[in-house]
Peer 1: 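Below is a structure I'd like to ask you about.
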Amino acid sequence: MNETEQQLRLIATSALKSIARNEQIKQHVLESESLYPLILRAARRFIAGETRDQALPEAIKLISKGYSVSLDCIGENKTLEKECTEAKNEFLQLVRSLRGTGHLSTMSLDLSKIGMMVDGELAYRHLEELLREASLYGVTIMISAEESFKTEQIVELYKRAAGNYVNVGITLQAHLHRTERDLAEIQHYPGRIRIVKGAYQESEDNGEPRSERLTEKYLRLVEARVASGHPVSIATHDEAILGELRRRGYLGQPNVEVEMLYGIRADLLKTLKDEGYRARVYLPYGKEWHLYFFHRLAEYPPNLYRAIADMVTPPTSLQCEY
Ligand code: FDA
């Protein structure tokens, strides 16, 4: 890639990330009778459907092929208590639907969807209700990572929950400067920790852009968590990182799994699964795919070409790739 192309790619990434977090655009797309179905055709490559009933068969198929799954009714930043309660109720139904899949399923959620933007106590009450129900079925709830201004509150809510429940996990973003400190503080909790690079655009004060330094930091975080003996999800599509972790002998450790987003590098995850490594697919569903979809375009701009093609000819099931 020459310098101009590189520059253009950076500009496109930044523009797509700002579209991703623009609530007005999100609302407009959600409410538009013409835009919503058109963009959905492209988003469909990355989501398992708009409803739980569409997502569950997809999850069952993946499980039958030897993967674990993590289901998420995507969405974030709910500011009305009623919406947070509705979101919590949907997750409650999801947990109940996962009975029987036990440890093969985790459920992921954004705390800002179930109350954190209204009141921390509301989010905690909803989280506890979900954790109690999930513990009946052996299901773990994974808390997602959000923008850095929410991280302190998310980590505090996680600590409170992890002090009372073993079936709660958290996602840590390697790109944030604070993350090594956060990991050290929560290492003793037995729940799963998912390590991602971080999707949100952060200032230099808060985070590290994609770089060799970030790769080194990601490897250090994984190394520290593997050594703790507690479960860790290596949540990346970065072949070089996965290759290095394999070379160091971490991928095959009993507390380790590799987790990737639905529709991304299915070929790589399949290869790892076929080689005997534990492999999990993060499977989002729902109508609020706006932020999620634009992040997927932003972190790999060639997806834009594919999105345009998908709007013309919608993709069929991606299962064949897994
Ligand atoms: P990176 O972005 O450097 O990409 C490495 C390579 O992977 C690319 O060169 C390309 O080959 C491939 N690739 C990456 N993204 C692609 C895409 N969209 N399409 C096609 N190829 C792609 N983030 C967050 O902030 N909060 C969260 O809670 C979560 N949760 C989460 C769960 C799981 C299971 C995963 C895998 C990821 C997340 N993320 C997340 C997203 C994460 O922070 C990050 O943005 C993406 O995983 C992309 O980063 P990579 O580690 O893949 O590396």
Side-chain angles (χ1 to χ4, degrees), residues 1 4-6 8-67 69-76 108 199 235-239 258-274 279-322:
M1 210 187 297
T4 317
E5 284 167 340
Q6 239 163 7
L8 276 172
R9 189 166 171 156
L10 282 178
I11 294 168
T13 298
S14 167
L16 288 163
K17 288 206 173 182
S18 67
I19 293 174
R21 61 174 187 271
N22 188 310
E23 281 292 327
Q24 271 173 320
I25 299 180
K26 173 181 161 183
Q27 219 40 49
H28 181 68
V29 171
L30 254 177
E31 286 161 15
S32 164
E33 281 176 23
S34 50
L35 273 182
Y36 180 88
L38 183 69
I39 306 181
L40 173 64
R41 286 180 176 189
R44 197 61 183 78
R45 192 172 281 282
F46 304 105
I47 60 166
E50 292 175 276
T51 63
R52 188 169 8 101
D53 286 347
Q54 288 173 323
L56 283 170
E58 207 71 359
I60 301 296
K61 271 193 244 165
L62 285 165
I63 289 173
S64 73
K65 290 181 181 181
Y67 298 92
V69 292
S70 190
L71 282 131
D72 185 356
C73 180
I74 40 174
E76 60 287 312
S108 298
T236 182
H237 317 91
D238 190 323
E239 214 166 335
V258 176
E259 187 176 12
M260 292 190 193
L261 303 176
Y262 181 68
I264 299 177
R265 294 306 314 265
D267 58 324
L268 180 56
L269 194 64
K270 182 174 186 319
T271 302
L272 292 169
K273 192 251 313 173
D274 290 346
R280 189 181 294 276
V281 181
Y282 169 90
L283 202 54
Y285 70 90
K287 288 187 187 300
E288 290 183 50
W289 37 258
H290 176 91
L291 179 131
Y292 183 81
F293 172 58
F294 280 97
H295 271 159
R296 303 297 77 83
L297 297 185
E299 63 204 4
Y300 193 68
N303 282 341
L304 266 176
Y305 299 133
R306 182 170 255 177
I308 292 165
D310 287 344
M311 285 182 207
V312 180
T313 314
T316 50
S317 171
L318 296 164
Q319 282 289 338
C320 52
E321 296 178 24
Y322 282 101

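As the structure is a computational prediction, the values presented were derived from the model and not from experiment.
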Peer 1: Any ring pair (Phe, Tyr, Trp, His ring centres under 6.0 Å) pairs touching residues 19-43, not counting sequence neighbours?
Peer 2: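 Non-adjacent pairs meeting ring pair (Phe, Tyr, Trp, His ring centres under 6.0 Å): Tyr36-Trp289.
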Peer 1: Which value, rounded to the nearest 0.5 Å, describes the distance between Ile264 atom CD1 and Leu269 atom CG?
Peer 2: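 Between Ile264 CD1 and Leu269 CG, I get 11.5 Å after rounding to 0.5 Å.
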Peer 1: Once you round to the nearest 0.5 Å, how far does OG of Ser32 lie from CD1 of Ile25?
Peer 2: 12.5 Å
Peer 1: Taking all non-hydrogen atoms of both residues, which atom of Ile74 and which atom of Pro284 are closest, and how far apart?
Peer 2: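 Taking every non-hydrogen atom into account, CG2-CB, 3.7 Å.
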Peer 1: Side chains of Tyr282 and Asp72 only: does a donor on one sit below 3.5 Å from an acceptor on the other?
Peer 2: yes
Peer 1: So does Ser70 get a backbone contact from the side chain of Ser108, meaning a donor-acceptor N/O pair under 3.5 Å?
Peer 2: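 Not a single qualifying donor-acceptor pair exists.
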Peer 1: With rounding to the nearest 0.5 angstrom, report the CG to CG distance, Leu40 to Leu35.
Peer 2: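 It is 12.0 Å, given to the nearest 0.5 Å.
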Peer 1: Do Leu16 and Leu304 pass the side-chain contact (heavy atoms from CB on, under 4.5 Å) test, and can you show the C-alpha distance, the side-chain angles, and the key distance before you say yes or no?
Peer 2: CA-CA 10 Å; Leu16 288 163; Leu304 266 176; 4.1 Å; yes
Peer 1: So, the side chain of Glu5 versus the backbone of Met1: is there a donor-acceptor pair under 3.5 Å, distance only?
Peer 2: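 Checking the backbone N and O of Met1 against the side chain of Glu5, no donor-acceptor pair under 3.5 Å is found.
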Peer 1: Donor-acceptor pair, Arg9 side chain versus Ala12 backbone, under 3.5 Å?
Peer 2: no
Peer 1: Ignoring hydrogens and geometry beyond distance, is a side-chain donor-acceptor pair present between Gln27 and Glu23 at under 3.5 Å?
Peer 2: no
Peer 1: With no hydrogens and no angle check, is any side-chain donor or acceptor of His237 less than 3.5 Å from a backbone partner on Leu261?
Peer 2: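 Yes, the answer is positive, given that a donor and an acceptor are paired below the 3.5 Å cut-off.
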Peer 1: Could you point out which residue of Ile60, Leu56, Leu62 forms a side chain to side chain contact (heavy atoms under 4.5 Å, CB included) with Val69?
Peer 2: Leu62
Peer 1: Angle between ring planes, Tyr322 versus Tyr262, binned at 30° and 60°: parallel, tilted or perpendicular?
Peer 2: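 Tyr322 vs Tyr262 ring planes: parallel.
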Peer 1: Closer than 3.5 angstrom, by distance alone: can the side chain of Gln54 be matched with the main-chain N or O of Thr51 as a donor-acceptor pair?
Peer 2: yes
Peer 1: For the pair Lys17 and Glu299, find out whether any cationic side-chain nitrogen is under 4.0 Å from an anionic carboxylate oxygen.
Peer 2: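 So Lys17 does not pair with Glu299 through a salt bridge.
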Peer 1: Does the distance from a Lys or Arg side-chain N to an Asp or Glu carboxylate O, for Arg265 and Glu239, drop under 4.0 Å?
Peer 2: yes
Peer 1: Start with the C-alpha gap between Glu58 and Leu283, add the side-chain angles, then the distance that decides, and say whether side-chain contact (heavy atoms from CB on, under 4.5 Å) holds.
Peer 2: CA-CA 8 Å; Glu58 207 71 359; Leu283 202 54; 4.3 Å; yes
Peer 1: Can Arg296 be said to sit on top of Phe294's aromatic six-ring, NZ or CZ under 6.0 Å from centre and within 45° of the ring axis?
Peer 2: no
Peer 1: Salt bridge or not between Lys26 and Glu76? Use side-chain N to carboxylate O under 4.0 Å.
Peer 2: yes
Peer 1: Return the minimal non-hydrogen interatomic distance between Glu288 and Gly75, and the atom names on each side.
Peer 2: OE1-CA, 3.8 Å
Peer 1: For the pair Ser18 (side chain) and Ala15 (backbone), establish whether a donor and an acceptor sit closer than 3.5 Å, ignoring hydrogens and angles.
Peer 2: yes
Peer 1: For Leu71 versus Ala55, what's the shortest heavy-atom pair and its separation?
Peer 2: CD2-CB, 3.9 Å
Peer 1: To the nearest 0.5 Å, tell me how far Phe293 CZ sits from Asn303 CG.
Peer 2: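 These two atoms lie 8.0 Å from each other.
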Peer 1: Check this for me: does any side-chain nitrogen of one of Asp310 and Arg306 sit under 4.0 Å from a carboxylate oxygen of the other?
Peer 2: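 Salt bridge between Asp310 and Arg306, a charged N being under 4.0 Å from a carboxylate O: no.
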Peer 1: Under 3.5 Å, side chain of Ser14 to main-chain N/O of Leu10, donor-acceptor pair present?
Peer 2: no
Peer 1: With respect to Tyr67, which candidate in Lys270, Lys61, Arg280 satisfies the side chain to side chain contact (heavy atoms under 4.5 Å, CB included) definition?
Peer 2: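 Testing Tyr67 for a side chain to side chain contact (heavy atoms under 4.5 Å, CB included) against Lys270, Lys61, Arg280 leaves exactly one candidate, Lys270.
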Peer 1: Taking the side chain as everything from C-beta on, heavy atoms only, tell me whether Leu30 gets closer than 4.5 Å to His290.
Peer 2: no
Peer 1: Donor-acceptor pair, Lys273 side chain versus Lys65 backbone, under 3.5 Å?
Peer 2: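 Yes, Lys273 side chain to Lys65 backbone: donor-acceptor pair under 3.5 Å.
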Peer 1: Going by heavy atoms in the side chains, are Met260 and Val281 under 4.5 Å from each other?
Peer 2: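 Sidechains of Val281 and Met260: no contact.
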Peer 1: Locate the shortest heavy-atom distance separating Pro301 from Thr13; write the atom from each residue and the value.
Peer 2: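 Pro301 and Thr13 have their closest heavy atoms at CG-OG1, 3.8 Å.
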Peer 1: Specify the closest pair of heavy atoms between Ala307 and Leu297, including all atoms of both residues, with the distance to one decimal.
Peer 2: CB-CD2, 4.2 Å
